[in-house]
**Q** 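Sending over a structure as structure tokens; questions will come in a sec.
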Amino acid sequence: MGRDLPWRRSRDPYAIWISEIMLQQTQVKTVLPYFDRWMALFPTVAVLAAADQQQVLKAWEGLGYYSRARNLHRTAQVLVQAFGGQFPKELDPVLKLPGIGRTTAGGILSAAFNLPVPILDGNVKRVIARLVALEVPPGEAIDRLWGISERLVPKDRGRDFNQAFMDLGATVCTPKHPDCPSCPWRTDCQAYAQGVQTQVPKAVVRSPLPHKRIAVLMAVNGAGEVLIIQRPQAGLLAGLWDFPRWRVGR
DNA sequence: AAGTCGGGGCG
DNA sequence: CGCCCAGACTT
């Protein structure tokens, strides 16, 4: 019952890599229009590697977490220069690529090459936590959760299993209102057996967000044009105060 | 271990 | 308004 998504129609590692990066902390519905535009603009890793960084950032505009776009561009250049434009098929070299961590590496290697590499994204964390009725917040049991994901992924069906795993979390085993009656793992789920599926995973106790009072200046001329200064490569609020000719007083 | 980085959806 | 989303990276 897998969702029919554009990047699932492809087994091109490039297209799958792009989708995995776009999907980091970003919902499928948000990614859909960006993915199609991106593949039209940058159809291959060679085209992306040769593109201007401003053009790459423009195509990413609105998705947020802009270091993802800069890392995509850098990685495209690494792939062309050091890997002959081919995406590596082993975990170690993939993990060295900028912007690709363990979950994204597993997502790419399983979807593109059907390798049994585990994943542990937000969906999978929640599904496993409920499956074993995890007693602590997932952050305190990361190693155990990775171990379970690794033992579950079948040697010959990494692609189907990992995608089904994420689909289950995204469509059935949802955070607030899991649809347990239609869940294929219902009879294996310890949280369901104990009737605590909505209380697992346990929430992290986080300190309250501080409230800060700030001043904002918007410069508009008579023609209605607005002054815009591009942010630095790294840093947002932190780097803001380092702009040349900016001075911040109290 | 805790911060940083974003825009959008949802109840 | 607060939480969550196919996390990675720095400090």
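The chains referred to below are lettered A, B, ... by the order of the sequence lines, with proteins before strands, and numbering in each begins at 1. Owing to the predicted nature of the structure, the values given are computational and were not obtained by experimental measurement.
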**Q** Can you list every salt bridge (Lys or Arg N to Asp or Glu O under 4.0 Å) pair that touches residues 146-163 of chain A, not counting sequence neighbours?
**A**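 Listed by first then second residue: Arg157(A)-Asp160(A).
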**Q** Write down the distance between CG (Asp160(A)) and P (dA6(C)), rounded to a whole number of angstrom.
**A**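 It works out to 19 Å between those atoms.
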**Q** Tell me: CG of Asn123(A) to P of dC5(C), nearest whole Å?
**A**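 For the pair Asn123(A) CG and dC5(C) P, the rounded distance is 6 Å.
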**Q** Rounded to the nearest angstrom, tell me the gap between atom CG in Leu120(A) and atom P in dG7(C).
**A**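 Computing the Leu120(A):CG to dG7(C):P distance gives 10 Å.
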**Q** By the 4.0 Å heavy-atom rule, please label Arg126(A) as base, sugar-phosphate, or nothing.
**A**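 Sugar-phosphate only.
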**Q** Under the ring-ring contact (aromatic ring centres under 6.0 Å, His included) rule, collect the residues that match up with Phe35(A), sequence neighbours excluded.
**A**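 Here the qualifying residues are Trp7(A).
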**Q** Going by the ring-ring contact (aromatic ring centres under 6.0 Å, His included) test, which pairs reach into residues 103-132 of chain A, not counting sequence neighbours?
**A**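 As it turns out, there is no ring-ring contact (aromatic ring centres under 6.0 Å, His included) pair with a partner in residues 103-132 of chain A once direct neighbours are skipped.
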**Q** Please measure how far the P atom in dG6(B) lies from the corresponding atom in dT11(C), and state the result in whole Å.
**A**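 Here dG6(B) and dT11(C) have their P atoms 15 Å from each other.
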**Q** Classify the side chain of Arg8(A) versus the base of dA6(C) as yes if they form a donor-acceptor pair under 3.5 Å and no if they do not.
**A**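 Pair found.
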**Q** Which atom names give the shortest non-hydrogen contact between Asn71(A) and Gly99(A), and what distance separates them?
**A**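 Heavy atoms only, the tightest pair is ND2-CA, 3.7 Å.
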**Q** Holding to side-chain hydrogen bond (donor to acceptor under 3.5 Å, both in side chains), I want the full list of residues that pass it with Ser149(A), two or more places apart in sequence or in another chain.
**A**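 None.
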**Q** Check each residue of residues 12-26 of chain A for a non-hydrogen atom within less than 4.0 Å of any atom in DNA chain B, then write out the ones that pass by number, or none.
**A**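 By residue number: Gln25(A), Thr26(A).
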**Q** Could you give the CD-to-P distance, from Glu140(A) to dA2(B), as a whole number of Å?
**A**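 Rounded to the whole Å, the gap is 10 Å.
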**Q** For residues 123-139 of chain A, which side-chain N or O atoms pair as donor and acceptor with protein atoms under 3.5 Å away, sequence neighbours left out?
**A**
{"residue": "Asn123(A)", "atom": "OD1", "partner": "Arg126(A)", "partner atom": "NH2", "Å": "2.7"}
{"residue": "Arg126(A)", "atom": "NE", "partner": "Cys173(A)", "partner atom": "O", "Å": "2.7"}
{"residue": "Arg126(A)", "atom": "NH2", "partner": "Gly169(A)", "partner atom": "O", "Å": "2.8"}
{"residue": "Arg126(A)", "atom": "NH2", "partner": "Cys173(A)", "partner atom": "O", "Å": "3.4"}
{"residue": "Arg130(A)", "atom": "NE", "partner": "Gln197(A)", "partner atom": "O", "Å": "2.8"}
{"residue": "Arg130(A)", "atom": "NE", "partner": "Val200(A)", "partner atom": "O", "Å": "2.8"}
{"residue": "Arg130(A)", "atom": "NH1", "partner": "Cys173(A)", "partner atom": "O", "Å": "3.4"}
{"residue": "Arg130(A)", "atom": "NH1", "partner": "Thr174(A)", "partner atom": "O", "Å": "2.9"}
{"residue": "Arg130(A)", "atom": "NH2", "partner": "Thr174(A)", "partner atom": "O", "Å": "3.3"}
{"residue": "Arg130(A)", "atom": "NH2", "partner": "Pro175(A)", "partner atom": "O", "Å": "2.9"}
{"residue": "Arg130(A)", "atom": "NH2", "partner": "Gln197(A)", "partner atom": "O", "Å": "3.3"}
{"residue": "Arg130(A)", "atom": "NH2", "partner": "Val200(A)", "partner atom": "O", "Å": "3.4"}

**Q** Measure all distances between protein nitrogen or oxygen atoms and nitrogen or oxygen atoms of nucleotides 9-11 of chain C, and list the pairs falling under 3.5 Å.
**A**
{"residue": "dC9(C)", "atom": "OP1", "partner": "Gly99(A)", "partner atom": "N", "Å": "2.3"}

**Q** Could I get the full list of ring-ring contact (aromatic ring centres under 6.0 Å, His included) partners for Trp146(A), not counting sequence neighbours?
**A**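 By the ring-ring contact (aromatic ring centres under 6.0 Å, His included) rule, Trp146(A) matches no residue at all.
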**Q** Quick one: which protein N/O atoms are closer than 3.5 Å to N/O atoms of nucleotides 8-11 of chain B? Pair and distance per line, please.
**A**
none

**Q** Using the P atom as the point on both nucleotides, what is the distance between dA6(C) and dT4(B), in whole Å?
**A**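 It works out to 24 Å between them.
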**Q** Specify the residue among Leu63(A) and Gly139(A) whose closest nucleotide of DNA chain B lies further upstream toward the 5′ end.
**A**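 The 5'-side residue here is Gly139(A).
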**Q** Which part of the nucleic acid, if any, lies within contact of Trp60(A), taking any heavy atom under 4.0 Å across all strands shown: a base, the sugar-phosphate backbone alone, or nothing?
**A**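 No contact.
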**Q** Donor-acceptor pairs under 3.5 Å, side chain of residues 40-50 of chain A to any protein atom, not counting sequence neighbours: which ones?
**A**
{"residue": "Thr44(A)", "atom": "OG1", "partner": "Ala46(A)", "partner atom": "N", "Å": "3.4"}
{"residue": "Thr44(A)", "atom": "OG1", "partner": "Val47(A)", "partner atom": "N", "Å": "3.2"}

**Q** Could you note down all residue pairs passing ring-ring contact (aromatic ring centres under 6.0 Å, His included) where residues 170-192 of chain A supplies at least one of them, sequence neighbours left out?
**A**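 Qualifying pairs: Phe165(A)-Trp185(A).
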**Q** For Gly158(A), does its backbone N or O pair with a side-chain atom of Asn114(A) as donor and acceptor, under 3.5 Å?
**A**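 Checked: pair present.
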**Q** Decide yes or no for Arg74(A) and Leu97(A): does some side-chain heavy atom of the first lie under 4.5 Å from some side-chain heavy atom of the second?
**A**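 No, every pair of side-chain atoms sits at 4.5 Å or beyond.
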**Q** Of the nucleotides dG7(C), dA6(C), dC3(C), which one has an atom closest to the side chain of Tyr65(A)?
**A**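 For the Tyr65(A) side chain, the nearest candidate turns out to be dG7(C).
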**Q** Say you pick atom P in dG3(B) and the same atom in dC3(C); how far apart are they, in whole Å?
**A**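 It comes out at 15 Å once rounded to the nearest Å.
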**Q** Filter on salt bridge (Lys or Arg N to Asp or Glu O under 4.0 Å), then keep only pairs touching residues 35-60 of chain A, sequence neighbours left out; what's left?
**A**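 As it turns out, the salt bridge (Lys or Arg N to Asp or Glu O under 4.0 Å) pairs with a partner in residues 35-60 of chain A, which skip direct neighbours, are Lys58(A)-Glu61(A).
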**Q** Take the protein atom NZ of Lys176(A) and the nucleotide atom P of dC3(C), then report the distance between them rounded to whole Å.
**A**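 Computing the Lys176(A):NZ to dC3(C):P distance gives 8 Å.
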